[in-house]
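Some notes on the structure that comes next.
If you read the sequence from its start, that first residue is 1, and numbering goes on from there.
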Amino acid sequence: MKKVFILIAIIINVTISVMANDISQAQALAERLSPRLAQKVQFQKLCTPHAPHLMDVFTLESKGDKVVIGGNNALSMAVGLNRYLNRYCKTTVSWYADIAIDLPSILPDVPVKETVEARVPQRFFLNYCTFGYTMPFWDWADWERFIDWMALNGINMPLAITGQEAVWYNVWTKMGMTDEQVRSYFTGPVYLPWHRMANIDAWCGPLPKEWLDGQAELQKKIVTRERALNMRPVLPAFAGHVPRQLKEMYPNADIKAMSTWDEFEEPYRTFFLNSEDPLYSQIQKMFLEEQTRMFGTDHIYGIDPFNEMDPPSFEPEYLHNVSKHIYESLTAVDPQAEWLQMGWFLYYQRKDYTPERARAMLTGVPQGMMTMLDYYCEYKEMWRDLDGFFGQPYIWCYLGNFGGNSNIQGNVKQAGERLEAALKEGGKNLVGIGSTLEGLEVQQFPYEYIFEKAWDFKKTDEQVINELADRHAGHESRPAREAWKMLYDSVLNIRPTTFCGPLPCQYPELDKTHGRCAVRYNPEQLLYVWDKLLEQDTVTTDAMTIDLIWTGRQLLGDLFLTEKNELDKAYHAGDSAKVDEMSAHMLYIMLSMEALNACHPFCTLDKWIEQARDLGETPRVKDYYEMNARRLVTTWGGDLNDYSCRNWAGLISNYYAMRWSIYIDYLNISLINGSEYNNAKLKEDINAFQQAWPTSKGLHKPFSEGSQPNVMALCREINKEFRKKFETIKAAI
């Protein structure tokens with residue numbers, strides 16, 4: 001009997017300790033956001049029966065002078081805190097560490113108690129690509145705020161692939177490769193996502209040793225904080241990608257060259273080790289044991305063997321066996337292992353992955369042990385085409401952004417309708433909601449909207465938009481509500497596409513404006529949105545600043561398209577005066593876009609390069625990181641020029657405007673000399689500028705230190721300056 005009492009006491013003590021830890025983690029999160037907020041809120045643990053089928057839940061109410069937030073764990077408490085901030089404080093927490101949260105002078109009470117339960121158990125976030133397009137140069141302060149943002153939005157399954165090169169470095173050197181061979185196998189830091197997905201090796205390498213060490217330390221902090229907030233980080237496992245040197249070191253191993261990717265040349269080709277080869281299990285064991293030693297494990301691993309790459313064979317039996325042996329290599333090391341597989345390849349290569357082949361690959365893993373991410377559901381729900389992924393669990397995902405492109409895009413309302421239908425029709429193996437965005441950009445709304453649907457708030461569309469508009473304005477605002485209703489109902493009906501950006505960010509060509517920058521909404525509606533936003537008296541929140549920039553720069557980009565069409569017409573007519581006039585208009589539009597973007601740090605090239613250089617420890621490494629940062633958002637590599645185009649201050653004046661100036665000068669010289677338009681010569685000149693730019697130094701800055709204009713005043717000035725032209729955009733397009 002005494003032993004029973006001791007056991008009960010131990011269980012009680014452990015339970016109390018866990019409860020106290022959840023409360024302390026939620027309280028610490030509130031303190032990081034605002035000490036004043038932390039004094040207002042009080043957290044409590046909800047004692048709910050422990051069962052796998054029970055969902056996360058939070059409560060929110062006022063008791064005395066405190067707002068009391070209950071939750072079954074720290075993450076649920078964080079979601080309750082976010083509900084308080086969004087609904088009652090009318091504020092949005094930025095996912096950027098540099099942006100303080102805007103709180104009312106008096107923190108309000110909660111009039112009626114709320115109890116809200118999650119609708120799905122798993123909420124996934126991130127994409128391999130995000131670690132290149134947004135996060136490569138983040139430090140702990142950036143990650144700390146971002147993890148807090150994820151907790152506030154209920155994300156409990158984040159992709160956590162930082163620092164894995166340090167693990168691989170240890171594995172490959174133990175297998176006999178030299179330091180130089182291993183670091184030269186890795187790509188530059190911004191390209192590591194595509195190295196991790198086995199698309200390219202060596203591009204912009206070798207990777208500095210200080211990068212490996214620094215990222216390993218950063219990953220330790222990341223996964224520790226994510227676990228403390230009840231998240232289950234998804235770490236990588238070995239998917240078969242090996243250095244080409246292994247083919248020489250192990251001549252009898254079944255190692256094959258992969259198909260080349262996006263026109264990268266032979267030196268950047270990747271190699272794949274067949275999962276049936278005994279060496280595969282050996283490498284898997286070495287990697288998982290080393291990774292677990294360094295970062296721990298939550299027994300769920302991201303493995304993506306053939307993303308945008310052809311497998312050695314499309315025969316169903318081969319695909320089945322590849323999956324089977326990969327999974328067996330996992331469970332031989334970690335018997336609790338689960339496999340998380342992104343389903344992008346099933347969409348991107350859907351002509352190759354017939355239902356028969358997809359079934360073979362997915363059923364090589366036992367039912368329930370491979371979770372599929374249905375990657376691009378706002379456009380194509382693969383679960384509908386592939387029999388609900390043949391019974392394997394899956395997560396409905398909203399992509400929303402390719403390459404960090406900064407256009408107004410994202411068919412948000414339609415995505416929400418698709419998601420609601422999937423929750424009703426998707427079957428019991430639909431286990432989660434996620435987002436697989438490639439880059440963060442500055443507008444958070446689409447992603448917050450999707451993750452809010454993971455909780456049973458029972459909101460109408462009108463409530464969603466009114467709450468959003470009020471928290472962006474910082475108070476109840478009729479103009480903001482009308483603006484966001486138009487955005488939600490009409491303008492935001494564009495599915496995200498690749499290479500998406502306004503024409504100023506596109507490659508200049510005669511008589512071409514690129515379908516990817518076509519205006520797919522009624523421009524009068526977007527002008528209405530901007531007018532409504534400008535009816536507000538002052539800018540009181542960071543979110544409002546972003547709204548003003550986001551809509552204004554889009555309108556300027558649309559106007560640039562109509563002016564470019566007029567320029568080309570004037571050139572064909574031989575009208576030099578008109579060419580000069582339209583050229584001046586186009587460059588002035590770009591100058592206005594530059595000024596508008598400069599009103600927010602995360603709409604600037606300066607911030608991107610500053611982050612890159614700050615991460616380096618020596619001038620040489622700082623220059624190397626800057627070169628990587630410049631190249632990714634411009635020339636990229638292979639045939640991906642402009643894939644990651646960004647509508648940013650600094651990039652417009654230092655890069656895009658320079659390309660357009662070369663184009664305009666070429667047209668003028670052609671008219672003066674009476675020579676025919678020679679597109680090959682023009683491309684040669686522009687390409688020479690492009691290739692030199694990533695390694696160039698110095699940037700033109702639109703404003704001197706401390707002279708940045710007031711965003712509302714600037715927007716009103718631009719709106720007035722271009723008013724008549726804005727009103728003619730629709731007819732011109």
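- Heavy-atom minimum distance, Phe295 versus Val167: CE1-CG2, 3.6 Å.
- Ring pair Tyr96/Phe602 is parallel by interplanar angle, where below 30° counts as parallel and above 60° as perpendicular.
- Counting only heavy atoms from C-beta outward, the side chains of Pro508 and Ile686 approach each other to under 4.5 Å.
- A side-chain N or O of Trp149 and one of Glu448 form a donor-acceptor pair less than 3.5 Å apart.
- Annotation: cation-pi pair Arg145/Trp95 absent, no NZ/CZ under 6.0 Å from the ring centroid and within 45° of its normal.
- Applying the salt bridge (Lys or Arg N to Asp or Glu O under 4.0 Å) rule to Asp213 yields the partners Lys209; only residues at least two apart in sequence or on another chain are considered.
- Remark: the Trp396 side chain and the Glu381 side chain contain an N/O donor-acceptor pair separated by less than 3.5 Å.
- Contact annotation: the side chain of Tyr624 approaches that of Pro189 to within less than 4.5 Å [non-hydrogen atoms, C-beta and beyond].
- A salt bridge is defined here as a Lys NZ or Arg NE, NH1 or NH2 lying under 4.0 Å from an Asp or Glu carboxylate O, and Arg613 with Asp623 meets this definition.
- In summary, the side chains of Asn668 and Tyr666 do not present any donor paired with an acceptor at a separation below 3.5 Å, with no hydrogens or angles considered.
- Side-chain contact between Met177 and Ser184 is absent, with no heavy atoms from C-beta onward closer than 4.5 Å.
- What you find for Cys204 and Asn628 is that their closest heavy atoms are CB-OD1, 3.9 Å.
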Derivation of the side chain to side chain donor-acceptor pair (under 3.5 Å) call for Tyr663 and Asp665: CA-CA 6 Å; Tyr663 173 75; Asp665 288 347; over 6 Å; no

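- A salt bridge does not link Glu684 to Lys681: none of the charged nitrogens lies less than 4.0 Å from a carboxylate oxygen.
- Contact check for Phe271 versus Lys256: no side-chain heavy atoms found under the 4.5 Å cut-off.
- Ionic pairing of Asp98 and Lys607 is present here: one or more N-O contacts between side-chain nitrogen and carboxylate oxygen are shorter than 4.0 angstrom.
- In this structure the side chain of Val412 never reaches within 4.5 angstrom of the side chain of Glu378, judged on heavy atoms.
- A side chain to side chain donor-acceptor pair (under 3.5 Å) with Asn647 holds for exactly one of Asn405, Asn407, Asn597; it is Asn597.
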Verdict with reasoning, His241 to Phe306, per ring-ring contact (aromatic ring centres under 6.0 Å, His included): CA-CA 10 Å; His241 176 207; Phe306 306 121; over 10 Å; no

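- Cation-pi geometry between Arg659 and Tyr656 is not met at under 6.0 angstrom from the ring centre and within 45 degrees of the axis.
- Side-chain contact of Asp262 with Asn199: a donor-acceptor pair under 3.5 Å is absent, judged by distance alone.
- Looking at heavy atoms from C-beta onward, Tyr128 lies out of side-chain contact with Leu192 at the 4.5 angstrom threshold.
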If you apply the rule ring-ring contact (aromatic ring centres under 6.0 Å, His included), what do you find for Phe560 with His585, and how did you get there? CA-CA 8 Å; Phe560 186 92; His585 287 180; over 10 Å; no

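- One distance of note links CE of Met627 with CH2 of Trp693; it measures 12.5 Å at 0.5 Å rounding.
- Counting non-hydrogen atoms of neighbouring residues, nucleotides and ligands closer than 6.0 angstrom, the CD atom of Glu180 reaches no more than 12 such neighbours.
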Verify ring-ring contact (aromatic ring centres under 6.0 Å, His included) between Tyr375 and Phe345, making sure each step is shown before the conclusion. CA-CA 9 Å; Tyr375 231 60; Phe345 74 107; 9.8 Å; no

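- Note on Asp568 versus Lys512: no salt bridge recorded, every NZ/NE/NH1/NH2 to OD/OE distance being 4.0 Å or above.
- Of the options Asp685, Ile662, Thr635, a side-chain contact (heavy atoms from CB on, under 4.5 Å) to Gln690 is made by Thr635 and by none of the others.
- Partners of Asp179 by salt bridge (Lys or Arg N to Asp or Glu O under 4.0 Å), not counting sequence neighbours, listed by chain and number: Arg183.
- Here the straight-line distance linking atom CG of Leu399 with atom SG of Cys377 works out to 9.5 Å at 0.5 Å rounding.
- Taking 4.5 Å as the limit, some side-chain heavy atom of Gln215 sits within range of a side-chain heavy atom of Leu615.
- Side-chain contact of Asn687 with Tyr507: a donor-acceptor pair under 3.5 Å is present, judged by distance alone.
- Taking the charged nitrogens against the carboxylate oxygens, Lys622 and Glu626 have no contact shorter than 4.0 Å, which rules out a salt bridge.
- One finds the OH atom of Tyr588 at 11.5 Å from the CG atom of Leu559 (value rounded to the nearest 0.5 Å).
- Minimum heavy-atom separation, Thr134 to Pro136: C-CD, 3.2 Å.
- Using the six-membered ring where Trp is involved, Phe137 and Tyr625 have ring planes that are tilted, between 30° and 60° apart.
- Met342 has its side chain out of reach of Thr436: every pair of non-hydrogen atoms, C-beta onward, lies at least 4.5 Å apart.
- Checking each of Tyr643, Tyr133, Phe186 against Trp194 for a ring pair (Phe, Tyr, Trp, His ring centres under 6.0 Å) leaves exactly one that passes, namely Tyr133.
- The aromatic rings of Phe146 and Trp138 lie perpendicular to each other, with more than 60° between the two planes, well past the 30° mark.
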Would Trp339 and Tyr301 count as a ring-ring contact (aromatic ring centres under 6.0 Å, His included) if you check the C-alpha gap in whole Å, the side-chain angles of each, and the deciding distance to 0.1 Å? CA-CA 5 Å; Trp339 180 346; Tyr301 304 97; over 10 Å; no

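- Asp201 and Thr270 get closest at one heavy-atom pair: OD1-CG2, 3.4 Å.
- Heavy-atom minimum distance, Val621 versus Pro208: CG1-CG, 4.4 Å.
- Contact check on Glu165 versus Arg196 returns a salt bridge, with a Lys/Arg side-chain nitrogen under 4.0 Å from an Asp/Glu carboxylate oxygen.
- Rounding to the nearest 0.5 angstrom, the gap separating the CG atom in Asn641 from the OG1 atom in Thr634 is 7.5 Å.
- Seen from the ring of Tyr379, Arg495 counts as a face-on cation partner, given the 6.0 Å and 45° thresholds.
- For the residue pair Gly434 and Ile450, the shortest heavy atom distance occurs at O-CG2, 4.0 Å.
- Here the straight-line distance linking atom CG of Leu596 with atom CG of Leu555 works out to 10.0 Å at 0.5 Å rounding.
- Gln414 and Asn493 share no donor-acceptor pair across their side chains, judged by distance under 3.5 Å alone.
- Tyr376 and Tyr347 have perpendicular rings, their planes meeting at more than 60° on a 0 to 90° scale where under 30° would count as parallel.
- Distance alone, capped at 3.5 Å, is enough to place a donor-acceptor pair between the Gln554 side chain and the Ile408 backbone.
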For Leu437 and Phe402, what are the C-alpha separation, side-chain angles and deciding distance, and is it a side-chain contact (heavy atoms from CB on, under 4.5 Å)? CA-CA 7 Å; Leu437 79 175; Phe402 289 95; over 6 Å; no

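- Under 3.5 Å, the side chains of Ser653 and Glu594 contain a donor-acceptor pair of N or O atoms.
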Pair Glu438-Ser644, side-chain contact (heavy atoms from CB on, under 4.5 Å): steps then yes or no: CA-CA 10 Å; Glu438 286 194 355; Ser644 186; over 6 Å; no

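- Ring geometry for Phe264 versus Tyr268: interplanar angle over 60°, hence perpendicular rather than tilted (30 to 60°).
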